[in-house]
Amino acid sequence: MKTIVCMKQVPSSNEVRLHPVTKTIIRDGKASVINPFDASALEQAVQIREKLGGSITALSMGILETAELLRDGISRGCDEAVLLSDCAFAGADTLATSYTLSLGVDKIGDFDLILCGKMAVDGDTAQIGPELAQTLGIPYATDVIEILEVDETKITVKRGIDGGTQVITLPYPALITVVKEIQKPRLPSIQSIGDSLQKEITIYTAPELGADETRTGLNGSPTEVVQTFIPENKVDCVELTGSIAEICKSIATIRQEVK
Amino acid sequence: MPQLIINKELCRGCTICTRSCGSDALHMRGRLAEVNDNCILCGICVKSCPFGAITIEKEEKINTEMDAYKNLWVFVEINQNRIAEVSLELLGIGRKLADEKGCHLVAVVLDENALLFAEDLISYGADKLIVCNDKGIGIYAEESCAHILDDLVEKEKPEIFLFGATGVGRSLAPRVAAQAKTGLTADCTVLEIDGDTGLLRQTRPAFGGNIMATIVCLAKRPQMSTVRAGVMAKMEYDRTRSGTIQKVSYQNQLPEAKRIILETSFAPKTNSITDAEFLVVVGRGIGAKKNMKLVHTFAEKIGAQVAVSRPLVDMGYAEYPKQVGQTGCTVAPKLLISLGVSGAIQHLAGITRAEKIIAVNADDTAPIFGISHYKVVGDCVAFLKEYTKD
Ligand SMILES: Cc1cc2nc3c(=O)[nH]c(=O)nc-3n(C[C@H](O)[C@H](O)[C@H](O)COP(=O)(O)OP(=O)(O)OC[C@H]3O[C@@H](n4cnc5c(N)ncnc54)[C@H](O)[C@@H]3O)c2cc1C
Ligand SMILES: Nc1ncnc2c1ncn2[C@@H]1O[C@H](COP(=O)(O)O)[C@@H](O)[C@H]1O
């Protein structure tokens with residue numbers, strides 16, 4: 001059983017502010033973490049391997065620094081890690097990202113199951129899973145909340161749908177995207193952290209992947225940000241003042257007025 | 001290859017760009033900013049520079065085949081024998097955009113019983129229906145739907161294609177976009193037509209912060225977006241409208257589905273916060289988890305339901321269906337009482353349709369006050385204790 005887990009590096013905090021004077025964008029604190037959904041996906045993959053044996057490869061497209069996060073992934077249980085890193089990948093939207101990841105998958109080769117997070121918390125687009133599955137031409141299930149059965153040829157999952165749930169069987173090769181709650185990521189042991197330091201992270205550049213550079217990065221991204229702005233809010237606001245008791249009274253009155 | 005260019009004449013060495021960068025790609029060399037290989041061309045520094053010193057240089061994308069793409073399509077979901085509310089809302093915004101563009105609004109309905117809904121869809125704005133009512137077809141025959149949509153997009157060439165950001169929409173739209181090799185913008189909160197270019201301007205909160213970004217899809221078609229339920233307004237039902245129906249059939253023509261659906265079950269509809277007339281929305285300012293008890297007592301007392309901001313879902317104070325915001329539910333109560341919520345853009349995206357908002361926040365400058373009708377500057381826990389005292 002060969003599993004690939006797609007892992008994305010995301011900023012640890014989403015605090016992006018406006019400069020008070022120049023009104024331009026500032027972001028303080030640059031620490032990065034593994035997208036929490038992907039950490040859960042990795043834990044799920046580890047549990048599948050505990051049952052069926054086989055190997056787990058972590059796959060990421062990102063800047064070179066992402067190698068450190070992949071090392072963290074190794075300490076939490078993946079056997080190998082592959083990083084796709086090249087200037088030609090910069091500025092990728094979801095279409096270009098899924099194309100690039102598909103090349104990484106081809107390079108790893110011969111897999112049974114791919115796990116993605118349901119979404120990455122920096123953008124919440126939740127598009128990479130289905131786009132990658134389509135690019136690879138394999139069946140997929142989004143929003144998986146539980147693995148019901150898994151063997152060497154197929155996986156049966158429960159997924160969330162609008163207003164309910166669905167149980168689906170997917171024959172391999174297949175892709176699933178998982179919710180964060182599917183498993184709680186384990187903490188790496190001191191031993192496994194030590195071991196992970198010895199491991200090589202495989203890094204592939206665009207030429208090594210045989211990438212068509214009109215399909216990667218900014219070149220391969222049909223979408224483009226043309227404007228950014230802070231919306232203006234202009235509601236007339238009345239301040240309720242007085243003692244707490246008085247404020248409660250005012251609120252009770254407003255509640256009564258709204259029928 | 002596209003790259004980031006820093007104009008040395010214009011750079012004043014203010015360091016704002018280095019602080020705007022989320023990838024550690026900008027550093028100062030002396031009094032000038034300099035970019036390194038970490039750059040992911042996200043463009044945030046371009047917008048951050050007060051002096052316009054940063055630009056991204058790239059090749060112009062021109063695609064002459066694009067002119068063949070016409071009309072605005074909406075993917076209509078029939079779920080549990082009803083038209084999903086979000087599909088009607090998409091027809092509402094779609095009608096407006098189609099009128100601005102002077103094109104047709106087409107509803108695509110893939111469902112065994114699709115024809116039962118034809119009149120309603122036309123009355124809610126569609127000019128034309130593309131219907132596939134083959135036996136067994138429906139939104140949960142997702143693979144078949146995907147193949148049908150691929151084929152329709154290729155043959156009929158829609159210029160714009162809108163999906164609800166429902167479970168089905170979020171699974172199907174990226175799948176269809178990848179096949180068409182086009183862009184897809186998730187969770188748009190505003191859709192407009194650019195007066196000059198006729199392009200679809202898709203606006204959503206972006207860069208993970210309190211910033212809105214307007215996105216266009218330049219050189220690929222269709223231009224695709226998903227929109228959450230409750231964000232757009234549906235049209236008044238207009239029985240006098242007329243429209244045409246194009247029936248398509250794919251019987252025995254589709255590749256066999258690989259996924260096997262063993263069971264589809266629907267939970268009984270619980271009180272959803274989307275329908276609530278009175279709503280209490282709680283944020284991180286509530287403090288300890290035990291304070292949620294106070295919240296529920298308060299809500300019961302005033303006959304309201306309880307919803308939360310995203311961090312409270314992350315912390316396990318409430319379940320995801322109770323989350324309001326861009327990536328949760330959009331709510332439209334008559335009265336919304338917001339307690340300890342800062343009012344981040346992603347949160348506001350979910351509550352702007354509330355008729356009246358009372359906000360309690362300890363910080364006088366919290367952005368939530370910007371959209372509130374009544375503000376209380378103070379401790380929400382103390383307020384709850386007082387209100388629920390007897
Ligand atoms: C892609 C993406 C999607 C997102 N989607 C959503 C979404 O759908 N919904 C959502 O809500 N968020 C969403 N977020 C998160 C959003 O950006 C904010 O981080 C979040 O809304 C903040 O929640 P909060 O207001 O509860 O917490 P905080 O921002 O921490 O605010 C707490 C507030 O409580 C006040 N406070 C503290 N103590 C007290 C007290 N005792 N009494 C009164 N007030 C007090 C503080 O002054 C502060 O204003 C998303 C973020 C990203 C990046
Ligand atoms: N750059 C990337 N490298 C590896 N995996 C990614 C990358 N971007 C997204 N993914 C995967 O796709 C999932 C959904 O991401 P998104 O579509 O960006 O919300 C994530 O949880 C990851 O599993």
Side-chain angles (χ1 to χ4, degrees), chain A residues 11 14 16 19 22 24-28 30 63 87-88 90-91 93-95 98 122 124-127 130-131 134-135 139 142-143 160-171 218-219 222-231 233 235 237-240 244-245 247-248 251 254-255 258, chain B residues 1-2 16 19-20 22-24 38-41 43-44 47-48 50 58 79 166-167 170-171 174-175 178-179 182-186 207-209 211-220 258-267 302 327 334-335 358 369-372 374-376 382 386-387:
Chain A
N14 282 314
V16 180
H19 191 282
T22 61
T24 51
I25 300 164
I26 333 178
R27 185 203 307 257
D28 287 321
K30 300 183 207 277
I63 56 178
C87 297
D93 69 4
T94 58
L95 185 71
S98 52
D122 56 350
D124 275 21
T125 69
Q127 289 172 3
E131 292 193 351
Q134 175 55 20
T135 312
T142 53
D143 228 332
I161 56 171
D162 304 301
T165 57
Q166 195 171 49
V167 177
I168 305 190
T169 299
L170 302 163
L218 206 59
N219 279 339
T223 58
E224 181 165 316
V225 175
V226 288
Q227 189 192 352
T228 50
F229 61 97
I230 305 287
N233 301 309
V235 169
C237 187
V238 180
E239 179 161 2
L240 306 176
I244 292 194
I247 289 173
C248 288
I251 290 182
I254 298 168
R255 168 67 185 88
V258 180
Chain B
M1 209 188 295
I16 288 178
R19 287 193 283 154
S20 77
S23 341
D24 206 19
N38 281 348
C39 177
I40 57 166
L41 297 175
I44 198 164
K47 323 282 178 200
S48 86
K58 60 179 173 220
N79 195 355
T166 55
R170 279 156 66 94
S171 176
R175 152 75 186 70
Q179 175 67 22
T182 188
L184 171 64
T185 307
F207 298 122
I211 300 154
M212 303 292 281
T214 302
I215 295 163
V216 300
C217 178
L218 268 185
K220 288 289 169 62
K258 292 181 186 154
R259 313 189 323 176
I260 304 156
I261 300 174
L262 301 178
E263 187 189 310
T264 303
S265 51
F266 296 99
I302 65 164
T327 55
K334 289 182 174 163
L335 178 65
I358 306 176
F369 292 137
I371 66 153
S372 301
Y374 299 96
K375 78 187 241 187
V376 177
E386 172 73 21
Y387 209 109

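No experiment lies behind these values; they were computed from the predicted model shown. Per chain, numbering begins at 1; letters A, B, ... match sequence-line order.
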Exercise. How many angstroms lie between CD1 in B/I40 and SG in A/C87, if you round to the nearest 0.5 Å?
Worked result: 12.5 Å
Seminar exercise, completed: So, the part of A/L240 with a heavy atom under 4.5 Å from chain B: the answer is both
For this session: Let me know if A/I168 has heavy atoms under 4.5 Å from chain B in its side chain, its backbone, both or neither.
Result: both
Seminar exercise, completed: For A/T169, the side-chain hydrogen bond (donor to acceptor under 3.5 Å, both in side chains) test, sequence neighbours excluded, returns A/T156
For this session: Look at the side chain of A/D162 and the backbone N and O of B/G167, then say whether any donor-acceptor pair between them is shorter than 3.5 Å.
Result: yes
Exercise. How far apart are the closest heavy atoms of B/K47 and A/V225, and which atoms are they?
Worked result: NZ-O, 3.8 Å
Seminar exercise, completed: chain B shares the most heavy-atom pairs under 4.5 Å, among A/T142, A/I247, A/T125, A/L95, with A/L95
For this session: Verify side-chain contact (heavy atoms from CB on, under 4.5 Å) between B/T264 and A/I161, making sure each step is shown before the conclusion.
Result: CA-CA 9 Å; B/T264 303; A/I161 56 171; 3.6 Å; yes
Seminar exercise, completed: Most heavy-atom pairs under 4.5 Å with chain A, out of B/K334, B/Q179, B/R259, belong to B/R259
Seminar exercise, completed: Pair count under 4.5 Å, heavy atoms only, with chain B: among A/S98, A/G164, A/G91, A/A88, highest is A/G91
Problem set entry | Pairwise distance CZ(B/F369) to CD(A/E239) - rounded to 0.5 angstrom | 7.5 Å
Exercise. A/R255 side chain to B/I302 main-chain N or O, any donor-acceptor pair under 3.5 Å?
Worked result: yes
For this session: Specify the closest pair of heavy atoms between A/T223 and B/G183, including all atoms of both residues, with the distance to one decimal.
Result: CG2-CA, 3.7 Å
Exercise. Tell me, side chain or backbone of B/N79 under 4.5 Å from chain A's heavy atoms, or both, or neither?
Worked result: side chain
Seminar exercise, completed: Answer key: most heavy-atom pairs under 4.5 Å with chain A among B/P2, B/S171, B/C39 is B/S171
For this session: Could you look at B/I358 and say if it's the side chain, the backbone, both or neither that has a heavy atom under 4.5 Å from chain A?
Result: side chain
Exercise. Which pair of non-hydrogen atoms, one from A/C248 and one from B/Y387, has the smallest distance, and what is that distance?
Worked result: O-CE1, 3.5 Å
For this session: Just give me the residue among A/D143, A/V258, A/L170 that pairs up with chain B most often, heavy atom to heavy atom, under 4.5 Å.
Result: A/V258
Problem set entry | Nearest heavy atoms of B/T185 and A/Q127, plus distance in Å | C-NE2, 4.2 Å
Exercise. So, for A/E224 and B/L218, which heavy atoms are closest and what is the spacing to 0.1 Å?
Worked result: OE1-CD1, 3.6 Å
Exercise. Can B/F266 and A/T165 be said to form a side-chain contact (heavy atoms from CB on, under 4.5 Å), step by step?
Worked result: CA-CA 6 Å; B/F266 296 99; A/T165 57; over 6 Å; no
Seminar exercise, completed: For B/P174 and A/E131, the nearest pair of non-hydrogen atoms, with its separation, is O-CG, 3.3 Å
